[in-house]
Amino acid sequence: MSIREIPLRCVKVADDFWSPRQAMIADVVIPYMEKILRDEVPGAEKSHAVGNFRMAAGEEPGEFYGMVFQDSDVAKWLEAAAYSLALKPDDALSARVDDMVALIGRCQQDDGYLNTYFTVREPENRWKNLLECHELYCAGHLMEAAAALYEAVGKDALLGICTRLADHICDRFEKEEGIPGHQEIEIGLLRLYHVTHNARYRDMALRFLNLRGRDPDWFRKHTPSHPGIRYGGYDIDPEDNRYNQSDVPVRAQTVARGHAVRQLYMLTAMADAAAETGDREMLEACRRLFEDITQRQMYVTGAVGASACGESFTVDYDLPSDRGYGETCASVAMAFFAHQMLKSDADGRYADLIELEFYNAALAGMQLDGKRFFYVNPLAVDTRVSGRVPGYLHIQPQRPPWHTCACCPPNLARLIASLGKYLWSEDLDTVYSHLLIGSEAATRHGRIRLESGLPWTGEAKYTVLTGGQFCLAIHVPSYAEDISLQINGQAVTCETAKGYCFLHRTWLAGDTVELRFAMPIRRIYADARVRDCAGRVALARGPMIYCFEEVDQPQPLFSLSLPRSAPIAVAPAPSGLPGNLVCLRMEGVSELPADRLYCQHPPEEAPCTLTAIPYFAWANRARGDMLVWIREDADSVR
């Protein structure tokens, strides 16, 4: 038996940091997004996604509006709503979900086809342009929503719709070659397989994966010209087979390249398929690419995708802070990928990455009030150029209420709402605790409650509620120091491997395990080949990466430096941020402005007090500059 995810309905999150955020998803974010999808939020970017479904059902006149993949926003909202209903039963939301699913069902064609763009605007062009038209992508997201509704709350109406859609896709693409232009259908089909146990869906996902890269010229040969029509808001070049990772067969791929979300959705499906089928070659490809991404192409926050051109990976160590991309969807997808890798191998690197994404790059995508969202997540913002100057137009110093291309907000909502899926797993004799987040899990071996002080203190307590003979494997974060373990108040030593402590025991109800460790403030240095970080340092404590905001500093942000010997202390949150945030304070140096652009003497300097806040909380107060990597002065404080 491979390592099995504990079903979401068997995990209850009860955590001081995450429970309020999950409650906000249920109480604020999901209702807000629903209003956006119905065009009911004045001043926000128009969506019309629900209107598109009404038009496809013949219930509303008009023209299709939005991106060719607009359907996927509704699908991701439904998936987030499914997890929300599992967290917090809500009869009114449940009824609205049923109404939305019924509307989707009324759009489905007799042969099972389902896509509002091609039903409303170009019915004659179904399945003719797989490179750009996102039909399979939208179908995959609907399948994920269907699986979530069934698994989380037992609703099967969308599952019935999506099995008809999946059968239609299998009927077509079992007979003819087809490669998705944007990977996602593979994830959806595998999730549908896990729910229905219909091997046809698993095999179709594998066929899509196996065909990719077999003929590097496939998209060039099969993409029709379409003068005057721009399906995704921009033309995708069928000659650029690196963009969608179709240049090399998936098992032979060695480096991440092209569109970051496409790459990571593909890897998510590959990792799931490898765990299901035992395909060692596919699993090794996933491991190679995990290593390549995390060691050569990932920002310190967990963000990926260095270039706005194609929302893409570029080359090793190219990680510009102030003009990188770091799409929220890519950070969400990094968590998806690492989560699937844990099915094959309880390796702490995967759990560490999931934690990094949840607390930093992904969480930064949403305003603290749940009503504004970043698409792009830079590590430095200069408001003189960000969003204003060519090359920086994609960088926004404040989150907007919505986006024309709105893939990120509902993606983040479904991630946070489904947090329970990422915390625990099990195999025949072991229960794995991957993240130190307060929760209670009902496993096949027994029920366990975890109380945790993270992200602010290094303390966790496990209580066995129903006992049995099994191994409890606890992931200890890689940043933990001075680690101690006690069982029922007695210090113990244990087997350790790949970042997990393995506690073999016949457990009795009431047994406790207490884990304690230090979380010192850390200075992080980048590889010397990362040119933007040369001579700079980033600060971290526990799972949190920190940043500096203009509003907290006495001098312009980019004039500041931090002496290498300067002590750094924990500090309360500055005004305007939640009082429970743990922030950092230190003495730094500010270079004073000169009277001319260039001169022959060093700049004058003045001491100053610096404040750093958790990266996820930036851009929640006054509009201003932001910086993760601050210059470090090797001299002592002057």
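Just so you know, these numbers come straight off a predicted model, no measurement behind them. All values below come from the heavy atoms of this structure, side chains included, with hydrogens, waters and symmetry mates left out.
A donor-acceptor distance shorter than 3.5 angstrom exists from the side chain of Gln183 to the backbone of Asn244, with no hydrogens or angles considered. In this structure, Ser312 contributes its side chain and Thr314 its backbone to no donor-acceptor pair below 3.5 Å. Looking only at distances, no side-chain donor or acceptor of Asn241 sits under 3.5 Å from a matching main-chain atom of Gly213. With hydrogens and angles ignored, the 3.5 Å screen pairs a side-chain donor or acceptor of Glu135 with a backbone N or O of Trp127. Of the possible donor and acceptor atoms, one in the side chain of Trp77 sits under 3.5 Å from a partner among the backbone N and O of Ile30. Panel note: side chain Asn52, backbone Tyr65; a donor-acceptor pair is recorded below 3.5 Å. Of the possible donor and acceptor atoms, one in the side chain of Asn360 sits under 3.5 Å from a partner among the backbone N and O of Leu356. Checked by atom type and distance alone, the side chain of Thr294 pairs as donor or acceptor with a backbone atom of Phe290 at under 3.5 Å. A donor-acceptor pair is defined here as one N or O able to donate and one able to accept, closer than 3.5 Å; such a pair exists between the side chain of Arg212 and the backbone of Pro180. Within the 3.5 Å criterion, the main-chain N or O of Pro401 finds a donor-acceptor partner in the side chain of Tyr32.
The two residues Val381 and Ser386 come nearest to each other via the heavy atoms CG1-OG, 3.6 Å. Annotation for Cys162 and Leu192: closest pair O-CD2, 3.8 Å, computed over non-hydrogen atoms. Here the shortest heavy-atom pairing between Glu186 and Ala269 reads CB-CB, 3.5 Å. Across Ala335 and Ile354, no two heavy atoms sit closer than the pair O-CG1, 4.0 Å. Across all their heavy atoms, Ala273 and Leu209 have their closest contact at CB-CD1, 4.3 Å. Looking at every heavy atom in both residues, Leu103 comes nearest to Ala57 through CD1-CB, 4.1 Å.
Ile416 CD1 to Ser84 OG: the interatomic distance, rounded to the nearest 0.5 Å, is 12.0 Å.
Partners of Ser19 under the side-chain hydrogen bond (donor to acceptor under 3.5 Å, both in side chains) rule, at least two apart in sequence or in another chain, do not exist in this structure. Among residues two or more places apart in sequence or in another chain, the side-chain hydrogen bond (donor to acceptor under 3.5 Å, both in side chains) test is passed with Thr277 by none. For the salt bridge (Lys or Arg N to Asp or Glu O under 4.0 Å) test, residues two or more places apart in sequence or in another chain that qualify with Asp111 are Arg126.
Contact check for Thr328 versus Tyr375: no side-chain heavy atoms found under the 4.5 Å cut-off. For the pair Asn115 and Val68, the minimum side-chain heavy-atom distance is 4.5 Å or more. Contact of the Trp402 side chain with the Val41 side chain is not registered, since no non-hydrogen atoms from C-beta on lie closer than 4.5 Å. Looking at heavy atoms from C-beta onward, Lys155 lies out of side-chain contact with Val101 at the 4.5 angstrom threshold. Between Leu130 and Trp218 there is a side-chain heavy-atom pair separated by less than 4.5 Å. Counting heavy atoms from C-beta outward, Leu158 and Leu78 have side chains that approach closer than 4.5 Å. Between Glu45 and Pro400 the shortest side-chain heavy-atom distance does not fall below 4.5 Å.
The closest side-chain donor-acceptor pair between Thr404 and Lys46, if any, does not fall under 3.5 angstrom. No hydrogens or angles considered: a donor-acceptor pair under 3.5 Å links the side chains of Gln367 and Arg399. Remark: the Glu311 side chain and the His259 side chain contain an N/O donor-acceptor pair separated by less than 3.5 Å. Donor-acceptor pairing under 3.5 Å is recorded for the side chains of Trp424 and Ser439. Checking Glu122 against Tyr117 by side-chain atom types alone, a donor-acceptor pair falls below 3.5 Å. Counting only N and O atoms by type, the side chains of Arg164 and Gln108 include a donor and acceptor under 3.5 Å apart. Between the side chains of Arg257 and Gln263, a donor-acceptor pair is found at a separation under 3.5 Å. When only modelled atom types and interatomic distance are considered, Asp292 and Gln297 share a side-chain donor-acceptor pair under 3.5 Å. In this model, a donor atom of one side chain and an acceptor atom of the other lie less than 3.5 Å apart for Glu276 and Tyr193. Between the side chains of Asp71 and Thr116, at least one donor N or O lies within less than 3.5 Å of an accepting N or O. The closest side-chain donor-acceptor pair between Asn377 and Thr301, if any, does not fall under 3.5 angstrom.
Annotation: Asn620, atom CG; neighbour count of heavy atoms from other residues, nucleotides and ligands within 6.0 Å is above 12. Within a 6.0 Å sphere centred on CG of Asp110, other residues, nucleotides and ligands contribute 12 heavy atoms or fewer. For OH of Tyr150, the number of neighbouring non-hydrogen atoms (other residues, nucleotides, ligands) closer than 6.0 Å is 12 at most.
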Stepwise ring-ring contact (aromatic ring centres under 6.0 Å, His included) test for Tyr201 and Phe173: CA-CA 11 Å; Tyr201 305 148; Phe173 292 105; over 10 Å; no
Verdict with reasoning, Lys12 to Glu440, per salt bridge (Lys or Arg N to Asp or Glu O under 4.0 Å): CA-CA 5 Å; Lys12 180 181 179 181; Glu440 185 175 313; over 6 Å; no
ring-ring contact (aromatic ring centres under 6.0 Å, His included) between Tyr615 and Tyr359, intermediate numbers included: CA-CA 9 Å; Tyr615 174 76; Tyr359 283 105; over 10 Å; no
Step-by-step side-chain contact (heavy atoms from CB on, under 4.5 Å) determination, Leu423 to His434: CA-CA 5 Å; Leu423 306 184; His434 300 299; over 6 Å; no
Evaluation steps, side-chain contact (heavy atoms from CB on, under 4.5 Å), between Ser425 and Arg4: CA-CA 5 Å; Ser425 59; Arg4 185 184 77 98; 5.9 Å; no
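A salt bridge is absent between Arg54 and Glu59; no separation between the charged side-chain nitrogens and carboxylate oxygens falls under 4.0 Å. Between Arg9 and Glu151 there is no salt bridge, since no side-chain nitrogen of the basic residue lies less than 4.0 Å from a carboxylate oxygen of the acidic one. Using a 4.0 Å cut-off between a side-chain N of Lys or Arg and a carboxylate O of Asp or Glu, Glu174 and Arg200 qualify as a salt bridge. With respect to Glu79 and Arg414, a salt bridge is recorded, a charged nitrogen being found less than 4.0 Å from a carboxylate O. Ion pairing between Asp27 and Lys88 holds under the 4.0 Å rule for side-chain N and carboxylate O.
Ring centers of His394 and Tyr325: under 6.0 Å apart, within the cut-off. Aromatic ring centres of Phe118 and Tyr113: separated by at least 6.0 Å. Within the 6.0 Å centre-distance limit, the rings of Phe358 and Trp18 are counted as a close aromatic pair.
For the ring pair (Phe, Tyr, Trp, His ring centres under 6.0 Å) with Phe69, the lone residue among His141, His134, His182 that qualifies is His134.
Between His339 and Tyr422, the ring planes lie tilted relative to each other; the angle falls in the 30° to 60° range. The aromatic rings of Phe374 and Trp618 lie parallel to each other, with less than 30° between the two planes, well short of the 60° mark.
Taking the centre and axis of the six-membered ring of Phe17, the NZ or CZ atom of Arg21 falls inside the cone set by 45° and 6.0 Å.
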